[in-house]
Amino acid sequence: MPPAPLIDDIRRLVSSAVEAARRDGVLRLETMPEIQVEHPGNPEHGDFATNLPLRLARATRINPLELAQTLAEYIRKNEGVEREAVGSVEVAAPGFINFRLKDDWLQRQVEVVRQAGAAFGNLASGAGAGPDGAGAEGAGGGRRVMIEFVSVNPTGPVHVGHTRGAVLGSALANVLEAAGCQVTREYYVNDAGSQMEAFYRSVMARYRQSFGQDAPMPPNGYMGEYIVELAQEIADAEGERFLNQPPGSDAYEQAVREIGDLSREKMVGLIREDLGRIGVEFDNWFSERSLYVGGEYDTALGRLREKGYLSQREEALWFNSTMLGDEKDNVVVRSSGEPTYFASDIAYHYNKFVGRGYDAVVNIWGADHQGHVPRMKAAVEGLDISPERLTILIAQMVTLKRGSEVVRASKRTGDFVTLRELADEVGRDACRYFFLARTPSTQMEFDLELAKKESSENPVYYVQYAHARNAGILNLARERDIDWSGGDVSLLNDPSELALVRAMLRLPELVQQMARTLEPHHLAHFTMELATAFHLFYENCRVISANPEDADVTLARLKLVESAQIVFRRSLELMGMDAPERM
RNA sequence: GCGCUUGUAGCUCAGAGGAUAGAGCGCUGCCCUGCGGAGGCAGAGGUCGUGAGUUCGAAUCUCGCCAAGCGCGCCA
C-alpha cells in the first residue's frame, strides 16, 4: 500500500489535540474548526505548521500563544501512529505550532518509497479522492469520473490553442486515476450540425475542382489547404463516382453525404493521430449523432418539458435558463425544426450523468465557450442533476507569436499553427511541459521562435537531466555488480540527503491536492523542486565511492537514488512525459 | 454597455488568509585531480496594476477605478 499524504497525519494530530482539549474542558468549542496545515517557507519553522491557535483566539478568547502551548502539549502526549513521523512540536509567536520530522523516520521513508515502487503517489480509492463538490462518495472502487476534453469539430486539424486543453485534460486524467478515481477520457465528436455541413460541402467542392470542374466553395466554406489535400485523397481512392450528379439533385445530396462520411472519418483519424504524437489518448470517441439515434435527445428534452423549462416562442423552442439563474434564455430547437448545438449538449450531459451514471464530470472548454458555462449548468440543474457534479474548466486563449508577429488562429482561412507543427518543432515533452507549467486560467503567449530557441535551456531538460543523472548512477552500480539491497538507510544524514527525501514525500499530498482542485500544473513546479534537491544532493554527496571505507554509505545512497528515481518516473509519467535514461 | 478571466523581478510564470514574496530564462562573480558541467554556490533586480475596506495579519477575501484577452447568434 503506497503511503498516504503525510499532511493528513499532521491534521489528525491537531484535530485529536483539539478533541482532547475539549474533553478536558480546556477548550470550549461548539464545532470542530477547519484545520489548516501548511509548509512554512522558512525552514527554521519546521516541516509543517498550523495557525489554528490564531484562528481560534477570537472565538475562545484565549491568548493564541497560550492556546498554542496547550495544544502543543496535547500533541506531544499523543502516542498514536500519526505521531511517529514527528520529532519536535514547537510553538512560535504569535501563535503557530510548528512540526519537525524525525531524521530516522525520513530515512526509513526511502524503504517505503522503494516498496511502493510505481504505485508511489497513488492514493487509496474512495478516500475523498476526486474533484471537490462532486457529490457521490466513491463506494469502494473510487468515484467514476468522466473527463471530456479537446472535442474539436472534425472540420480541421487540432491547433495550438486546442493543444493546451489536450495536455491539461490528459494530465488531469492521470492525476485523478492516481487519486483513486475510475476515469474515462472522452472526445465528443460533433458529427452533426451546420459546421459539419459546411465542411462536407467544402470537401465536395474541392473534390470537383480536383477534376477540373468549376465548383464554387460554399458560403461558409473551409478554405484551408488541408481540405484540398483531403479531397485529393478521396479523389485518388474513390475516383469519379461522386462527380457526375447535378448539384441540387437527390443524387448529388447523396454524394455529399457519402463524401462527408469519408472525409469526417479521415479527419477524426488525423486528429487521433496528431493527439497521439503528444501522448494524448482517449478511452471513448462519442458521436453527437448517436444522441439522436438512441433517443436520449427526446428523453432529455422531455424531462425539461415536464418540469416546465421549455417554451415555444417566435416559432422556436426555448430553454428558459433564466428560471435557473442564467442571464438569458437559449434556443434549443430552431424555427426550422433543427436542434441547436446546445440541444445536443443537453442530451449529451443527460447521457453522461443519467445514461452512463458518472459521479462527476469534468469538461475542458476553450475560452471562447466560457459564455456557455451558466446555461450548461442551468441545463444540468433542470435535468435534476446536481450542478456540483459538473465542473467546467476553461483553458484560456493561447496567442501565437512568431518573433514579434502575432499569428491569428483561424480555421476558416487556414492560417493557423497545428499541433503537428508544434510537436515537430519543439517535441512532445517540451510541448507538454510548457503547457503544464501554467495555470489554464491565464491567457498565455506562445512564441514559436522562443520555444525552439529555448529548447536546450528549457526547464524540461533540467528535470529530465536530473533523472538521466540518477539513472546513470544506478547503471554504473549495476555494471560494477554492486548489490545495494542491504543498504542501511540510517546512514543518510547529510542535510541534502534528507532534503531530497522531504521533496520526494510531497508527491502523495500533491496528487491529493491536484485531484481536489483539478490543477495539474503544480506537477511542473514539483518536478523542478525535486530536480533541484537531487542536483544538490549529487553535488554534495558522492554516491559510488572508490574508497573502501565508504562502502556502507555507497549502499545507503544507492537506495536513496533508487527511490528518487521512482519519484521522478512517477511524476513525469503523470505529466505524460518521457523519463530518459540518457540525453 | 454587461458577463467571465487576468494584471507579481528585464522576460515567461509559480504562490490552499500567515512568519523575511519564489522559480526558470537573461545579467554579475565564483566552483570540476572522482558517479554526466544540460550541474552547484553567491549576487543584483519587487511600492505583488491602483485606491479603499474586512482581519491580530492581505499578493491571496470584498468593493471602486485603470489596463488586457475572451464572450454576449434560431453558429459550433
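So you know, we letter chains A, B, ... as the sequences are listed, proteins then strands, and number each from 1.
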Q) Should A:T439 be listed as having a side-chain N or O under 4.0 Å from OP1 or OP2 of B:rA14? A) yes
Q. Does A:N458 get its side chain close enough to the base of B:rA38, under 3.5 Å, for a donor-acceptor pair?
A. no
Q) What nucleotide among B:rA14, B:rG24, B:rC35 has an atom nearest to a side-chain atom of A:T442? A) B:rA14
Q) Would you say A:E44 has more than 12 foreign heavy atoms packed within less than 6.0 Å of its CD? A) no
(Q) Under 4.0 Å, counting only non-hydrogen atoms across every strand here, what does A:M528 touch: a base, just sugar-phosphate, or nothing? (A) sugar-phosphate
Q.
Salt bridge or not between A:E581 and A:R569? Use side-chain N to carboxylate O under 4.0 Å.
A. yes
(Q) Regarding A:L536, tell me which of base, sugar-phosphate or nothing describes its non-hydrogen contacts under 4.0 Å with the strands shown. (A) sugar-phosphate
Q) Distance from A:T50 atom OG1 to A:I10 atom CD1, nearest 0.5 Å? A) 10.0 Å
**Q.** A:K352 and A:E186: CA distance, side-chain angles, deciding distance, salt bridge (Lys or Arg N to Asp or Glu O under 4.0 Å) verdict
**A.** CA-CA 11 Å; A:K352 287 177 177 178; A:E186 185 154 296; 5.8 Å; no
Q.
Using a 4.0 Å heavy-atom cut-off, does A:N547 contact any base of the nucleic acid, only the sugar-phosphate backbone, or nothing at all?
A. nothing
Q | Residues, nucleotides or ligands: over 12 heavy atoms within 6.0 Å of A:E315 CD | A | no
Q) Using a cut-off of 4.0 Å on non-hydrogen atoms, how would the nucleic acid contact of A:A437 be classed: base, sugar-phosphate, or nothing? A) sugar-phosphate
Q. Of all the nucleotides listed (B:rA19, B:rA68, B:rC13), which has the minimum atom distance to the side chain of A:H45?
A. B:rA19
(Q) With the stacking rule set at 5.5 Å and 30°, tell me whether A:Y462 counts as stacking on B:rG24. (A) no
(Q) Can you measure A:R582 atom CZ to B:rG36 atom P for me and round it to whole angstrom units? (A) 10 Å
(Q) Base, sugar-phosphate or nothing for A:R469? Non-hydrogen atoms, less than 4.0 Å. (A) sugar-phosphate
Show each protein N/O and nucleotides 54-61 of chain B N/O combination with a separation under 3.5 Å, one pair to a line.
| residue | atom | partner | partner atom | Å |
| --- | --- | --- | --- | --- |
| B:rC56 | OP1 | A:R58 | NE | 3.4 |
| B:rC56 | OP1 | A:R58 | NH2 | 2.1 |
| B:rC56 | OP2 | A:R58 | NH2 | 3.4 |

Q) Does the distance from a Lys or Arg side-chain N to an Asp or Glu carboxylate O, for A:D429 and A:R432, drop under 4.0 Å? A) no
Q. So what does A:E445 hit on the nucleic acid, given a heavy-atom distance under 4.0 Å: a base, only sugar-phosphate, or nothing?
A. sugar-phosphate
Q.
Among B:rC2, B:rC72, B:rG36, which nucleotide has an atom closest to any side-chain atom of A:A468?
A. B:rG36
Q. Within the structure, does a side-chain N or O atom of A:S194 lie under 4.0 Å from either OP1 or OP2 of B:rC75?
A. no
Q.
Please pick, from B:rA38, B:rC74, B:rG40, the nucleotide with the shortest atom-to-atom distance to any side-chain atom of A:V331.
A. B:rC74
Q) Of the nucleotides B:rC75, B:rG24, B:rA19, which one has an atom closest to the side chain of A:A92? A) B:rA19
Q. Can you check whether A:Y538 has a side-chain N or O nearer than 4.0 Å to OP1 or OP2 of B:rG36?
A. no
Q | Bracket string, RNA chain B, 5' to 3' - pairs by Watson-Crick or G-U geometry under 3.5 Å, | interstrand | A | (((((((..((((....[...)))).(((((.......))))).....(((((..]....))))))))))))....
Q: Determine the interplanar angle of the A:H39 and A:F48 rings, folded into 0 to 90°, and report it as parallel if under 30°, tilted if 30 to 60°, perpendicular if over 60°.
A: tilted
Q | Polar side-chain contact A:Q36-B:rG18 base: donor and acceptor under 3.5 Å | A | no
Q: With the side chain of A:R11 defined as its heavy atoms from C-beta on, choose the nearest nucleotide among B:rA14, B:rU20, B:rA16.
A: B:rA16
(Q) Tell me the interatomic distance from A:E529, atom CD, to B:rA14, atom P, rounded to whole angstroms. (A) 14 Å
Q.
One thing to verify: whether A:R100 and A:E90 come together as a salt bridge, which I'm taking to mean a side-chain N less than 4.0 angstrom from a carboxylate O.
A. no
**Q.** Atom-to-atom span, CD of A:E38 to P of B:rG18 - whole angstrom
**A.** 6 Å
Q) Quick one: does NZ or CZ of A:R375 land under 6.0 Å from the six-membered ring centre of A:F342, within 45 degrees of the ring axis? A) yes
Q | Short N-O contact, A:K377 and A:E381, less than 4.0 angstrom | A | no
Q: Return no unless some side-chain N or O of A:H521 is found under 4.0 Å from OP1 or OP2 of B:rG15.
A: yes
